[in-house]
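Starting off with a structure, shown below.
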Amino acid sequence: MSAKVLSEDLIYEVLSVVSEIPIGNVATYGQIAQLINRPKNARLVGKVLSQADLYGEYPCHRVVNAAGRLAPHFVQQKSLLLDEGIAFKDACHVDIKQHKWTI
DNA sequence: GGATTGACTTACG
DNA sequence: GCGTAAGCCAATC
């Protein structure tokens, strides 16, 4: 297998999961962290996604935190989610109770 | 190689 | 629901 266990593998796994999030659903960082076999690396997921656009185009806007809040550095996220039919509770909170991605 | 930081999570008050 | 504290891990300085 690959000898790399750092960023490139992490990025590949994270983006692979993110790309599988169906339209109309959102996932949390912790959820993705578990899917890539790293239940404690929720923060790494966010850091990877911050650079994900440099590795390719992925629906990183479908990824929110456990409270359903949007990324503080990703203002366009709201528009992208609205375009996919995601319901918002507030300017910075999606209706995660309704749209949370079930594995 | 230690200290700091970060698109997080959970627990507690 | 919100602020604070603690926990975890990799990248960066």
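All chains are named by letter (A, B, ...) in the order of the sequence lines, taking the proteins before the strands, and each is independently numbered beginning at 1. Treat the numbers as computed from the prediction; the structure is a model and nothing was measured.
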Quiz item: To the side chain of A:Arg43, which of B:dT9, B:dA7, C:dG7 is closest?
Solution: C:dG7

Practice problem: Take A:His93 and A:Phe88 through the side-chain contact (heavy atoms from CB on, under 4.5 Å) test and state the conclusion after the steps. | Solution: CA-CA 6 Å; A:His93 293 78; A:Phe88 272 74; 5.9 Å; no

Exercise. Name the nucleic acid region contacted by A:Ala71, choosing base, sugar-phosphate or nothing; use a 4.0 angstrom heavy-atom cut-off, strictly under.
Key: base

Quiz item: Between B:dC8, B:dA7, B:dG6, which nucleotide gets closest to the side-chain atoms of A:Asn65?
Solution: B:dC8

Quiz prompt | Crowding at CZ, A:Phe74 (>12 non-hydrogen neighbours, <6.0 Å) | solution = yes

Quiz prompt | Out of C:dC8, B:dC8, C:dA10, whichever nucleotide has its closest atom nearest the side chain of A:Lys40 | solution = C:dC8

Quiz prompt | Comparing A:Lys89 and A:Gln51 on DNA chain C - which has the more 5′ nearest nucleotide | solution = A:Lys89

Practice problem: Using whole Å, report how far CG of A:Asn37 lies from P of C:dC8. | Solution: 17 Å

Self-check item: Nearest-Å distance for atom pair CD1/P, residues A:Ile11 and C:dA10
Solution: 14 Å

Exercise. Take the protein atom NZ of A:Lys47 and the nucleotide atom P of C:dC8, then report the distance between them rounded to whole Å.
Key: 17 Å

Practice problem: Could you please spell out the steps behind the side-chain contact (heavy atoms from CB on, under 4.5 Å) verdict for A:Glu84 and A:His61? | Solution: CA-CA 10 Å; A:Glu84 297 193 347; A:His61 55 270; 3.2 Å; yes

Quiz prompt | Side-chain donor/acceptor of A:His99 to backbone N/O of A:Val26, under 3.5 Å | solution = no

Exercise. Would you mind reading off the distance between A:Glu13 atom CD and C:dA10 atom P, rounded to a whole angstrom?
Key: 12 Å

Quiz item: Roughly how many Å is it from CG in A:Leu49 to C1' in C:dA10, rounded to a whole number?
Solution: 14 Å

Quiz item: When the distance from CG of A:Asn41 to P of C:dA11 is rounded to whole Å, what number comes out?
Solution: 10 Å

